[in-house]
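Some notes on the structure that comes next.
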Amino acid sequence: MVKKIALLGASGSIGQSTLQVVREQSRRMQISIACAHRNSKALFDLAAEFKVPAVIVTDDQLKASLTDVPAGTKVYFGESELLRILKGTEYDLALNAISGSAGLTTTMAVLETGKTLALANKESLVMAGHLVKVLQARHGSKIIPVDSEHSAIFQAIGSHPAKEIARVHITASGGAFRTLPLRDFNKITVEQALKHPNWDMGAKVTLDSATMFNKALEVMEAHWLFDLDWDQVSAVIHPQSVIHSLVEFIDGSLLAQMSVPDMKLPILYALSYPERHHSRLVKTDLAKLATLTFEEIDPQRYPLFYLGVEAGRRGGLLPTVANAANEAALRLFREKKIGFNGIGELVRQAVETEENVANPDLETILSSNRTTYERVISAWQ
C-alpha cells in the first residue's frame, strides 16, 4: 500500500531531505499535500515533480502575485486554509517540519484528526506539551519523532515499558563554538555562528545549536514524548554526532542508535514505521568513524541550555516565553543589532520578568508567544 504524506514545511531543510526519501521510496510513498510559507518556487517545483494535488502557501499576502502553478495542482493560501485542509483531506501521515512556534497550530490540527504525526517541530511540545498529550489521548493519534535524538530514543526504547527506563541521554554536537575561548565570544559573527560543524540545517536550528538552546528544547520534548520525569532526561556533548542518543535501563545497560549524521535516516524511519525499508541514502562505514568522545555541558559556555531546561521544569507559560524570546533574539542577532552573548541575556530577562500561568490554554500560549516576541523586538527598534 502506498502511504500518503502531508509534508508541512516542504521548502526547509527537513522538507528537502524528506523529498529525497520519498524520491527513493516512490513505490511506497507519495506526497498528497505540501505547504511552505513564502518559498512558492520550491513548493511548485516539488508539486510538479511529485504530482501533488494540493499545496498551500501560508503567507496569504503572496496570493495576488503567484503564477506558474503546475498543471493538476490546486493552490491555497493562508494558515486557516492549511488547517482546514489538514482536517478535511485524506492522508495517512503528516510530517510537521514547520520551523519554530508557527508549527504548533498545525500539530494540533493533525492530532485532532486521529492521524499519525511525524513530528520535527520541537516547539509544539515545548509550548503546549500538556495540551498535545491530551489531544493525542483523546483522538488516539500516534506521534513519531523525527528529530534524530528523539528518533534514536524511540528506537532504543522499543517495546520496553517505562518502568524499565532509568534515564535517557540526549547527545549534542556542541555547535560551532565548542572549543572557542570564552573571551572571544563577544567577537562571534553571524557568519561564523551559521556554520555547523556536522549538520546541514536551517539558520534557526544552527544558531540554536551554537547556544545549545536546541538541547533545552529537546529535553522538554523528551519529557513529554516519553512521559519521563525531568530527572530522567539528561544531555551530553558528543562532538562527532554519530551516536544520536542513548537509553539507560534500570539494569545498567545502555542502548544507542548510531549512524553518520544525516537527517534522511530518522525521516525514513518515521515515514516507514513500523516497518523498515531498504535504502541506499545513508551508509555508515564503522572502520572510517572517528574516535567517539563525550563531555559534560559547560554552564559558562552554554548558559542558555540550563536556562531553557529550568524554564521547562517550572512549566506553565515559561517555556513559551523562553522560546519566543529566543526566536526574537536570533532575529536581532542575524540583523546584527545584538552580539552573540546578547541572545542568552534577552532570554534570561524575558523569563525573569514574565508572570507565569500554570496549565495555560492554547489561546493564552499563542498570545504570550506573540507578545513576548514583539516586546523583545520592539526594545531594539
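We use all heavy atoms of the structure for the numbers below, so side chains are in, but hydrogens, waters and symmetry mates are not.
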More than 12 non-hydrogen atoms from neighbouring residues, nucleotides or ligands closer than 6.0 Å to [atom1] on [X], yes or no?
X	atom1	result
Lys283	NZ	yes
Glu352	CD	yes
Asp68	CG	no
Lys41	NZ	no
Glu191	CD	yes
Arg23	CZ	yes
Lys133	NZ	yes

Determine yes or no for a side-chain-to-main-chain donor-acceptor pair under 3.5 angstrom, with [X] supplying the side chain and [Y] the backbone.
X	Y	answer
Ser245	Ile153	no
His244	Ser259	yes
Gln16	Ala10	yes
Gln240	Ala290	no
Arg27	Val2	no
Asp361	Thr364	yes
Thr371	Ser367	yes
Thr372	Val321	no
Asn121	Ile98	yes
Lys215	Thr171	yes

Does a donor on one side chain and an acceptor on the other come within less than 3.5 Å for [X] and [Y]?
X	Y	value
Ser26	Gln30	no
Ser272	Gln25	no
Thr106	Asn96	no
Glu90	Ser32	no
Asn369	Ser101	yes
Glu345	Asn341	no
Glu24	Ser279	yes

Qualifying ring pair (Phe, Tyr, Trp, His ring centres under 6.0 Å) pairs with a residue from residues 253-305, counting only residues at least two apart or across chains
Phe154-Tyr273, His238-Phe294, Tyr269-Tyr273
For the [atom1] atom of [X] and the [atom2] atom of [Y], what is their distance to the nearest 0.5 Å?
X	Y	atom1	atom2	result
Met263	Gln20	CE	CD	12.0 Å
His150	Gln155	NE2	CD	13.5 Å
Phe77	Ser40	CZ	OG	8.0 Å
Leu271	Ile144	CG	CD1	8.5 Å
Leu304	Asn326	CG	CG	5.5 Å
Leu317	Asn323	CG	CG	12.5 Å

Validation row: [X], [Y] side chains within 4.5 angstrom (heavy atoms):
X	Y	answer
Leu180	Ile188	yes
Leu254	His169	yes
Leu135	Val132	no
Ile31	Leu19	yes
Pro239	Ser173	no
Leu246	Leu255	no
Ile267	Ile14	yes
His223	Val219	no

Is Val190 linked to Phe185 within one hydrophobic cluster, defined over Ile, Leu, Val, Met, Phe, Trp and Tyr using a side-chain heavy-atom separation of less than 4.5 Å?
yes
In one Ile/Leu/Val/Met/Phe/Trp/Tyr side-chain cluster, 4.5 Å: Val282, Leu292
yes
Taking only residues two or more places apart in sequence or in another chain, which ones pass salt bridge (charged side-chain N to carboxylate O under 4.0 Å, His left out) with Arg167?
none
Audit row: Leu104, Glu123, side chain to side chain contact (heavy atoms under 4.5 Å, CB included) steps and yes/no:
CA-CA 7 Å; Leu104 171 56; Glu123 290 78 5; over 6 Å; no
I'd like to know if [X] pairs up with [Y] as an ion pair, taking the criterion as any Lys NZ or Arg NE/NH1/NH2 lying under 4.0 Å from an Asp or Glu carboxylate oxygen.
X	Y	result
Lys122	Glu218	yes
Arg348	Glu310	no
Arg138	Glu112	no

For Arg331 and Glu335, what are the C-alpha separation, side-chain angles and deciding distance, and is it a salt bridge (charged side-chain N to carboxylate O under 4.0 Å, His left out)?
CA-CA 6 Å; Arg331 173 181 159 183; Glu335 293 174 352; 3.1 Å; yes
Audit row: Thr189, Phe333, side chain to side chain contact (heavy atoms under 4.5 Å, CB included) steps and yes/no:
CA-CA 9 Å; Thr189 67; Phe333 174 66; over 6 Å; no
Return the set of residues passing ring pair (Phe, Tyr, Trp, His ring centres under 6.0 Å) with Phe177 (not counting sequence neighbours), or none when no residue passes.
Phe340
Would Lys3 and Asp92 satisfy salt bridge (charged side-chain N to carboxylate O under 4.0 Å, His left out), going step by step from the backbone distance to the final call?
CA-CA 6 Å; Lys3 186 175 289 186; Asp92 299 302; over 6 Å; no
Lys187 vs Asp184, test: salt bridge (charged side-chain N to carboxylate O under 4.0 Å, His left out). Steps then yes/no.
CA-CA 5 Å; Lys187 304 174 187 175; Asp184 294 333; 3.6 Å; yes
